[in-house]
2 protein chains.
Amino acid sequence: MLKLSKKAEYALMAAKFMAMKNSSGYSTAKEISESCMIPYQLVAKVLQNMVKSNLAISAKGTNGGFSLAKNPIDISVMDIIKSVESNYKLVDCLQPKSSLEDCSHLDCCKIRDPLIEIQRKIDKVFSETSLVQIL
Amino acid sequence: MLKLSKKAEYALMAAKFMAMKNSSGYSTAKEISESCMIPYQLVAKVLQNMVKSNLAISAKGTNGGFSLAKNPIDISVMDIIKSVESNYKLVDCLQPKSSLEDCSHLDCCKIRDPLIEIQRKIDKVFSETSLVQIL
DNA sequence: TTTGAATCAGACCAAAATAGTCCTATTACA
DNA sequence: TGTAATAGGACTATTTTGGTCTGATTCAAA
(Lines give C-alpha, C1' and ligand atoms only; values in the text may rest on other atoms or scores of the structure.)
Protein backbone atom coordinates (compact mmCIF):
# COMPACT_ATOMS: atom_id res chain seq x y z
CA MET A 1 0.00 0.00 0.00
CA LEU A 2 1.01 3.58 -0.72
CA LYS A 3 3.68 2.10 -2.89
CA LEU A 4 5.04 3.50 -6.11
CA SER A 5 4.49 1.17 -9.05
CA LYS A 6 7.44 -0.29 -10.89
CA LYS A 7 6.40 1.79 -13.88
CA ALA A 8 6.77 4.93 -11.81
CA GLU A 9 10.11 3.77 -10.44
CA TYR A 10 11.37 2.96 -13.92
CA ALA A 11 10.12 6.27 -15.26
CA LEU A 12 12.07 8.12 -12.57
CA MET A 13 15.19 6.11 -13.30
CA ALA A 14 14.86 6.64 -17.04
CA ALA A 15 14.25 10.36 -16.59
CA LYS A 16 17.32 10.61 -14.42
CA PHE A 17 19.35 8.67 -16.94
CA MET A 18 18.39 11.02 -19.74
CA ALA A 19 18.95 14.07 -17.59
CA MET A 20 22.43 12.91 -16.64
CA LYS A 21 23.37 12.34 -20.24
CA ASN A 22 24.56 15.89 -20.35
CA SER A 23 25.73 15.75 -23.93
CA SER A 24 22.70 16.09 -26.08
CA GLY A 25 21.71 13.16 -28.18
CA TYR A 26 19.35 10.29 -27.76
CA SER A 27 19.31 7.51 -25.22
CA THR A 28 17.88 4.29 -26.53
CA ALA A 29 15.51 2.07 -24.61
CA LYS A 30 18.09 -0.69 -24.89
CA GLU A 31 20.78 1.51 -23.38
CA ILE A 32 18.57 2.52 -20.43
CA SER A 33 17.34 -1.03 -19.98
CA GLU A 34 20.88 -2.35 -19.68
CA SER A 35 22.30 0.45 -17.61
CA CYS A 36 19.44 0.42 -15.13
CA MET A 37 18.70 -3.30 -15.27
CA ILE A 38 15.12 -2.74 -16.23
CA PRO A 39 13.33 -5.19 -18.55
CA TYR A 40 13.61 -3.77 -22.05
CA GLN A 41 9.96 -4.00 -23.00
CA LEU A 42 8.90 -2.29 -19.83
CA VAL A 43 11.22 0.64 -20.05
CA ALA A 44 10.29 1.00 -23.71
CA LYS A 45 6.63 1.33 -22.75
CA VAL A 46 7.44 3.77 -19.99
CA LEU A 47 9.43 5.92 -22.39
CA GLN A 48 6.57 5.89 -24.85
CA ASN A 49 4.28 7.12 -22.10
CA MET A 50 6.67 9.93 -21.38
CA VAL A 51 6.61 10.93 -25.02
CA LYS A 52 2.81 10.99 -25.02
CA SER A 53 2.91 13.25 -21.98
CA ASN A 54 5.36 15.57 -23.69
CA LEU A 55 8.08 14.92 -21.15
CA ALA A 56 10.30 13.31 -23.74
CA ILE A 57 10.76 13.32 -27.45
CA SER A 58 11.60 10.31 -29.55
CA ALA A 59 13.29 9.62 -32.85
CA LYS A 60 12.65 6.44 -34.74
CA GLY A 61 15.07 4.54 -36.85
CA THR A 62 18.81 4.05 -36.67
CA ASN A 63 20.48 6.43 -34.24
CA GLY A 64 17.09 7.21 -32.80
CA GLY A 65 16.08 7.07 -29.17
CA PHE A 66 14.63 9.28 -26.49
CA SER A 67 15.58 12.51 -24.84
CA LEU A 68 13.91 14.86 -22.40
CA ALA A 69 11.65 17.44 -23.96
CA LYS A 70 12.29 20.05 -21.27
CA ASN A 71 14.90 21.26 -18.88
CA PRO A 72 14.98 18.89 -15.88
CA ILE A 73 14.16 21.77 -13.56
CA ASP A 74 10.85 22.15 -15.35
CA ILE A 75 9.90 18.51 -14.87
CA SER A 76 8.36 17.52 -11.56
CA VAL A 77 8.21 14.08 -10.01
CA MET A 78 4.45 14.48 -10.32
CA ASP A 79 4.77 14.96 -14.09
CA ILE A 80 6.75 11.76 -14.33
CA ILE A 81 4.38 9.76 -12.17
CA LYS A 82 1.33 11.04 -14.01
CA SER A 83 2.87 10.14 -17.34
CA VAL A 84 2.78 6.46 -16.43
CA GLU A 85 -0.02 6.27 -13.88
CA SER A 86 -3.60 7.41 -14.14
CA ASN A 87 -4.76 6.16 -10.74
CA TYR A 88 -2.64 7.67 -8.09
CA LYS A 89 -5.30 8.72 -5.64
CA LEU A 90 -5.46 7.54 -2.03
CA VAL A 91 -9.00 6.26 -2.50
CA ASP A 92 -11.02 5.63 -5.62
CA CYS A 93 -13.68 8.19 -4.83
CA LEU A 94 -11.05 10.92 -5.17
CA GLN A 95 -10.45 10.10 -8.81
CA PRO A 96 -11.32 12.98 -11.14
CA LYS A 97 -14.36 11.23 -12.62
CA SER A 98 -15.65 9.96 -9.30
CA SER A 99 -18.33 11.46 -7.19
CA LEU A 100 -19.77 10.78 -3.77
CA GLU A 101 -22.21 8.38 -5.41
CA ASP A 102 -19.31 6.11 -6.28
CA CYS A 103 -18.54 5.62 -2.64
CA SER A 104 -19.65 2.15 -1.78
CA HIS A 105 -20.20 3.24 1.77
CA LEU A 106 -22.60 6.03 0.84
CA ASP A 107 -23.12 8.62 3.48
CA CYS A 108 -21.83 6.35 6.18
CA CYS A 109 -18.33 7.12 4.91
CA LYS A 110 -17.36 10.30 6.60
CA ILE A 111 -13.68 10.25 5.86
CA ARG A 112 -13.74 11.50 2.28
CA ASP A 113 -13.39 15.19 2.99
CA PRO A 114 -10.44 14.85 5.35
CA LEU A 115 -8.77 12.56 2.84
CA ILE A 116 -9.09 15.22 0.17
CA GLU A 117 -6.93 17.47 2.30
CA ILE A 118 -4.34 14.76 2.89
CA GLN A 119 -4.32 13.98 -0.81
CA ARG A 120 -3.71 17.64 -1.57
CA LYS A 121 -0.68 17.70 0.69
CA ILE A 122 0.77 14.59 -0.89
CA ASP A 123 0.21 15.97 -4.36
CA LYS A 124 2.10 19.03 -3.23
CA VAL A 125 5.13 16.95 -2.24
CA PHE A 126 5.32 15.33 -5.67
CA SER A 127 4.60 18.54 -7.55
CA GLU A 128 7.19 20.55 -5.72
CA THR A 129 9.95 18.01 -6.17
CA SER A 130 11.73 18.60 -9.44
CA LEU A 131 13.71 16.12 -11.46
CA VAL A 132 16.86 18.08 -10.61
CA GLN A 133 16.43 17.03 -6.99
CA ILE A 134 16.67 13.42 -8.12
CA LEU A 135 19.97 13.89 -9.91
CA MET B 1 -0.73 2.93 -7.01
CA LEU B 2 -0.17 5.13 -4.00
CA LYS B 3 -3.54 3.94 -2.85
CA LEU B 4 -4.65 3.38 0.71
CA SER B 5 -5.63 -0.22 1.34
CA LYS B 6 -9.18 -1.09 2.33
CA LYS B 7 -7.82 -2.11 5.70
CA ALA B 8 -6.47 1.39 6.21
CA GLU B 9 -9.73 2.94 5.04
CA TYR B 10 -11.72 0.72 7.34
CA ALA B 11 -9.41 1.46 10.25
CA LEU B 12 -9.93 5.18 9.75
CA MET B 13 -13.68 4.74 9.59
CA ALA B 14 -13.73 2.53 12.65
CA ALA B 15 -11.53 4.95 14.58
CA LYS B 16 -13.81 7.80 13.63
CA PHE B 17 -16.85 5.79 14.67
CA MET B 18 -15.42 5.08 18.10
CA ALA B 19 -14.27 8.67 18.53
CA MET B 20 -17.72 9.99 17.68
CA LYS B 21 -19.36 7.72 20.19
CA ASN B 22 -18.90 10.43 22.73
CA SER B 23 -20.56 8.51 25.54
CA SER B 24 -18.04 6.09 26.87
CA GLY B 25 -18.74 2.43 26.41
CA TYR B 26 -17.82 -0.14 23.86
CA SER B 27 -18.57 -0.31 20.17
CA THR B 28 -18.87 -3.82 18.83
CA ALA B 29 -17.43 -5.01 15.55
CA LYS B 30 -20.97 -5.86 14.47
CA GLU B 31 -22.17 -2.36 15.19
CA ILE B 32 -19.34 -0.73 13.26
CA SER B 33 -19.69 -3.22 10.44
CA GLU B 34 -23.37 -2.41 10.00
CA SER B 35 -23.10 1.34 10.47
CA CYS B 36 -20.18 1.70 8.09
CA MET B 37 -21.18 -1.06 5.68
CA ILE B 38 -17.88 -2.85 6.14
CA PRO B 39 -17.69 -6.66 6.00
CA TYR B 40 -17.87 -7.88 9.57
CA GLN B 41 -14.86 -10.19 9.49
CA LEU B 42 -12.70 -7.49 8.01
CA VAL B 43 -13.55 -4.79 10.46
CA ALA B 44 -13.12 -7.28 13.27
CA LYS B 45 -9.57 -7.98 12.10
CA VAL B 46 -8.84 -4.31 11.74
CA LEU B 47 -10.05 -3.65 15.27
CA GLN B 48 -7.90 -6.45 16.58
CA ASN B 49 -4.91 -4.87 14.90
CA MET B 50 -5.72 -1.60 16.58
CA VAL B 51 -5.79 -3.33 19.94
CA LYS B 52 -2.40 -4.88 19.29
CA SER B 53 -1.04 -1.45 18.47
CA ASN B 54 -2.49 -0.03 21.65
CA LEU B 55 -4.78 2.34 19.82
CA ALA B 56 -7.86 0.59 21.14
CA ILE B 57 -8.83 -1.59 24.04
CA SER B 58 -11.19 -4.51 23.88
CA ALA B 59 -13.50 -6.36 26.22
CA LYS B 60 -14.51 -9.90 25.50
CA GLY B 61 -17.81 -11.52 26.21
CA THR B 62 -21.33 -10.18 26.45
CA ASN B 63 -21.47 -6.37 26.45
CA GLY B 64 -17.91 -6.34 25.26
CA GLY B 65 -16.49 -4.50 22.29
CA PHE B 66 -13.86 -1.94 21.42
CA SER B 67 -13.06 1.60 22.40
CA LEU B 68 -10.21 3.96 21.76
CA ALA B 69 -7.32 3.67 24.18
CA LYS B 70 -6.36 7.33 23.91
CA ASN B 71 -7.78 10.73 23.36
CA PRO B 72 -8.40 11.17 19.61
CA ILE B 73 -6.09 14.16 19.55
CA ASP B 74 -3.26 11.87 20.56
CA ILE B 75 -3.88 9.45 17.71
CA SER B 76 -2.43 10.28 14.32
CA VAL B 77 -3.53 9.01 10.95
CA MET B 78 -0.07 7.47 10.78
CA ASP B 79 -0.74 5.50 13.98
CA ILE B 80 -3.92 4.13 12.47
CA ILE B 81 -2.33 3.23 9.14
CA LYS B 82 0.64 1.59 10.81
CA SER B 83 -1.63 -0.48 13.01
CA VAL B 84 -2.99 -2.30 9.97
CA GLU B 85 -0.19 -1.99 7.45
CA SER B 86 3.42 -2.95 7.74
CA ASN B 87 4.45 -2.07 4.20
CA TYR B 88 3.62 1.51 3.57
CA LYS B 89 6.85 2.59 1.96
CA LEU B 90 7.07 4.05 -1.53
CA VAL B 91 9.60 1.43 -2.56
CA ASP B 92 10.59 -1.84 -0.96
CA CYS B 93 14.18 -0.84 -0.34
CA LEU B 94 12.97 1.82 2.09
CA GLN B 95 11.45 -0.78 4.40
CA PRO B 96 13.05 -0.79 7.85
CA LYS B 97 14.74 -4.14 7.36
CA SER B 98 15.91 -3.40 3.86
CA SER B 99 19.29 -2.22 2.79
CA LEU B 100 20.86 -1.15 -0.44
CA GLU B 101 21.70 -4.77 -1.10
CA ASP B 102 18.01 -5.52 -1.44
CA CYS B 103 17.78 -3.17 -4.36
CA SER B 104 17.43 -5.35 -7.42
CA HIS B 105 19.00 -2.61 -9.48
CA LEU B 106 22.14 -2.49 -7.40
CA ASP B 107 24.15 0.63 -7.77
CA CYS B 108 22.52 1.49 -11.05
CA CYS B 109 19.54 2.67 -9.04
CA LYS B 110 20.33 6.22 -8.11
CA ILE B 111 16.89 7.29 -7.01
CA ARG B 112 16.87 5.78 -3.54
CA ASP B 113 18.25 8.74 -1.64
CA PRO B 114 15.89 11.28 -3.18
CA LEU B 115 12.99 8.95 -2.50
CA ILE B 116 13.95 8.81 1.17
CA GLU B 117 13.37 12.53 1.35
CA ILE B 118 10.01 12.30 -0.41
CA GLN B 119 9.03 9.47 1.88
CA ARG B 120 9.93 11.58 4.87
CA LYS B 121 7.64 14.35 3.72
CA ILE B 122 4.75 11.99 3.15
CA ASP B 123 5.27 10.42 6.56
CA LYS B 124 5.09 13.92 7.97
CA VAL B 125 1.68 14.50 6.40
CA PHE B 126 0.26 11.36 7.98
CA SER B 127 1.97 11.90 11.31
CA GLU B 128 0.82 15.47 11.66
CA THR B 129 -2.78 14.73 10.87
CA SER B 130 -4.63 13.76 14.01
CA LEU B 131 -7.77 11.70 14.29
CA VAL B 132 -9.62 14.83 15.45
CA GLN B 133 -9.11 16.31 12.00
CA ILE B 134 -11.04 13.37 10.57
CA LEU B 135 -14.05 13.90 12.80
C1' DT C 1 -23.95 -23.69 35.36
C1' DT C 2 -25.40 -23.21 30.94
C1' DT C 3 -26.06 -20.22 27.11
C1' DG C 4 -25.09 -16.71 24.05
C1' DA C 5 -22.59 -12.64 22.76
C1' DA C 6 -18.55 -11.11 21.92
C1' DT C 7 -13.26 -11.02 20.86
C1' DC C 8 -9.20 -13.73 19.00
C1' DA C 9 -6.65 -16.22 15.50
C1' DG C 10 -5.32 -18.68 11.64
C1' DA C 11 -5.98 -20.92 7.27
C1' DC C 12 -7.97 -20.41 3.08
C1' DC C 13 -9.97 -18.67 -1.45
C1' DA C 14 -11.21 -15.45 -5.20
C1' DA C 15 -10.60 -11.47 -7.62
C1' DA C 16 -8.10 -7.72 -9.04
C1' DA C 17 -3.98 -5.24 -9.93
C1' DT C 18 0.72 -5.42 -11.25
C1' DA C 19 4.72 -6.88 -13.68
C1' DG C 20 6.45 -8.80 -17.46
C1' DT C 21 6.48 -11.12 -22.26
C1' DC C 22 5.48 -11.79 -27.12
C1' DC C 23 4.60 -10.45 -31.56
C1' DT C 24 4.05 -7.37 -35.27
C1' DA C 25 4.01 -2.90 -37.43
C1' DT C 26 6.22 1.36 -38.58
C1' DT C 27 9.90 4.56 -39.38
C1' DA C 28 14.30 6.22 -40.88
C1' DC C 29 19.11 6.02 -41.64
C1' DA C 30 23.11 4.03 -43.94
C1' DT D 1 17.14 -2.80 -49.04
C1' DG D 2 18.64 -4.22 -44.62
C1' DT D 3 18.98 -2.97 -39.94
C1' DA D 4 18.20 -0.39 -35.82
C1' DA D 5 15.20 1.83 -33.60
C1' DT D 6 10.27 3.34 -31.72
C1' DA D 7 5.02 2.16 -31.47
C1' DG D 8 1.51 -0.51 -29.73
C1' DG D 9 -1.63 -4.22 -28.83
C1' DA D 10 -2.59 -8.80 -26.93
C1' DC D 11 -1.41 -11.95 -23.78
C1' DT D 12 0.38 -14.40 -19.50
C1' DA D 13 2.20 -14.92 -14.97
C1' DT D 14 2.74 -13.35 -10.45
C1' DT D 15 1.65 -10.90 -6.49
C1' DT D 16 -1.28 -8.39 -3.63
C1' DT D 17 -5.59 -7.50 -1.90
C1' DG D 18 -10.04 -8.23 -0.23
C1' DG D 19 -12.88 -11.25 1.66
C1' DT D 20 -14.60 -15.77 3.73
C1' DC D 21 -14.70 -19.85 6.71
C1' DT D 22 -13.93 -22.31 10.81
C1' DG D 23 -13.11 -22.77 15.33
C1' DA D 24 -11.30 -21.36 19.96
C1' DT D 25 -11.61 -18.40 23.98
C1' DT D 26 -13.68 -15.28 27.25
C1' DC D 27 -17.16 -13.38 30.07
C1' DA D 28 -21.64 -11.80 31.74
C1' DA D 29 -26.26 -12.65 32.36
C1' DA D 30 -30.18 -15.72 32.76
Side-chain angles (χ1 to χ4, degrees), chain A residues 1-11 13-14 18 25-34 36-53 55-67 69 81 83-92 95 104-105, chain B residues 1-11 13-14 18 25-34 36-53 55-67 69 81 83-92 95 104-105:
Chain A
M1 78 161 287
L2 282 180
K3 204 171 299 186
L4 235 44
S5 66
K6 288 290 174 191
K7 279 202 296 191
E9 258 185 72
Y10 297 161
M13 290 166 76
M18 290 187 283
Y26 295 115
S27 311
T28 68
K30 183 159 178 280
E31 188 183 357
I32 298 176
S33 158
E34 288 172 357
C36 300
M37 297 180 70
I38 304 173
Y40 169 75
Q41 307 270 15
L42 272 193
V43 81
K45 289 239 162 64
V46 159
L47 287 161
Q48 284 163 32
N49 288 334
M50 293 174 77
V51 170
K52 276 193 180 168
S53 308
L55 293 183
I57 54 174
S58 67
K60 287 185 173 184
T62 311
N63 300 329
F66 300 88
S67 86
I81 289 177
S83 77
V84 293
E85 288 292 343
S86 41
N87 287 23
Y88 77 101
K89 295 296 183 183
L90 289 175
V91 291
D92 287 330
Q95 293 298 334
S104 56
H105 302 282
Chain B
M1 77 161 288
L2 284 178
K3 204 171 299 186
L4 235 44
S5 67
K6 288 290 173 190
K7 279 202 297 190
E9 258 184 71
Y10 296 161
M13 291 166 75
M18 290 187 283
Y26 294 114
S27 312
T28 67
K30 183 159 178 281
E31 187 183 358
I32 298 176
S33 158
E34 288 171 357
C36 301
M37 298 179 69
I38 304 173
Y40 169 77
Q41 307 270 16
L42 272 193
V43 80
K45 288 241 165 67
V46 159
L47 287 161
Q48 283 163 33
N49 287 335
M50 292 174 77
V51 170
K52 275 193 181 167
S53 308
L55 294 183
I57 55 173
S58 67
K60 287 186 175 183
T62 310
N63 301 329
F66 300 87
S67 85
I81 290 177
S83 77
V84 293
E85 288 291 343
S86 42
N87 285 24
Y88 77 101
K89 295 296 183 184
L90 289 177
V91 291
D92 287 331
Q95 294 297 337
S104 55
H105 303 280

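Chain A is the first sequence line, chain B the second, and so forth, proteins listed ahead of strands; every chain is numbered from 1. Just so it is clear, the structure is predicted and the values come from calculations on it, not from any experiment. All values below come from the heavy atoms of this structure, side chains included, with hydrogens, waters and symmetry mates left out.
A:M50 and A:S83 get closest at one heavy-atom pair: CG-OG, 3.6 Å. Of all heavy-atom pairs between A:T28 and A:G64, the closest is CG2-O, 3.5 Å. Taking each heavy atom of A:A69 and A:I57 in turn, the nearest pair found is CB-CG2, 3.9 Å. Considering every non-hydrogen atom in both A:I81 and A:A8, the closest pair reads CG1-CB, 4.5 Å. Across every non-hydrogen atom of B:Y88 and B:Q95, the tightest pair is N-NE2, 4.1 Å.
When heavy atoms are screened at a 4.0 angstrom cut-off, B:A29 is found touching the sugar-phosphate backbone but no base atom. Heavy atoms of A:Y26 sit nowhere under 4.0 angstrom from any nucleic acid atom. Within the 4.0 angstrom heavy-atom criterion, no nucleotide atom of any strand lies near A:K3.
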Sort me out a list of protein N/O and nucleotides 11-13 of chain C N/O pairs below 3.5 Å, or just none if empty.
none

Please list, pair by pair, any protein nitrogen or oxygen found under 3.5 Å from a nitrogen or oxygen in nucleotides 23-30 of chain C.
unit_1 : atom_1 : unit_2 : atom_2 : d
C:dA30 : OP1    : A:N63  : ND2    : 3.4

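Spacing between atom CG of B:L4 and atom C1' of D:dT16 amounts to 15 Å, rounded to whole angstrom units. If you take CG of A:L2 and P of D:dT16, they are 15 Å apart, rounded to a whole angstrom. As a whole-Å value, the separation of A:N49 CG from C:dT18 C1' is 15 Å. Atom-to-atom, CE of B:M1 to P of D:dT16 comes out at 16 Å; the value is rounded to the nearest Å. For the pair B:Q48 CD and D:dG23 C1', the computed distance is 13 Å after rounding to whole Å. When the P atom of C:dA17 is taken as reference, atom NZ of A:K7 falls 13 Å away, rounded to whole Å. If you measure from atom CD1 of B:I57 to atom P of C:dC8, you get 11 Å, rounded to the nearest angstrom. The distance from atom CG of A:L42 to atom C1' of D:dA13 is 13 Å, rounded to the nearest whole Å.
An OP1 or OP2 oxygen of C:dC8 is reached within less than 4.0 angstrom by a side-chain nitrogen or oxygen of B:S58. Between B:Y40 and D:dC21 there is no side-chain polar atom (N or O) within less than 4.0 angstrom of OP1 or OP2. Under 4.0 angstrom from either OP1 or OP2 of D:dG19 there lies at least one side-chain N or O belonging to B:Y10.
Although no hydrogens or angles enter the test, the distance criterion places no donor-acceptor pair under 3.5 Å between the side chain of B:S33 and the main chain of B:P39.
Contact annotation: the side chain of A:L4 approaches that of B:L2 to within less than 4.5 Å [non-hydrogen atoms, C-beta and beyond]. Using a 4.5 Å heavy-atom cutoff, the side chains of B:K3 and A:D92 are in contact.
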Q.
Could you walk me through whether A:I32 and A:M18 satisfy the side chain to side chain contact (heavy atoms under 4.5 Å, CB included) test, starting with their C-alpha distance in whole Å, then the side-chain angles of each, then the deciding distance to 0.1 Å, before giving a yes or no?
A. CA-CA 9 Å; A:I32 298 176; A:M18 290 187 283; 4.2 Å; yes

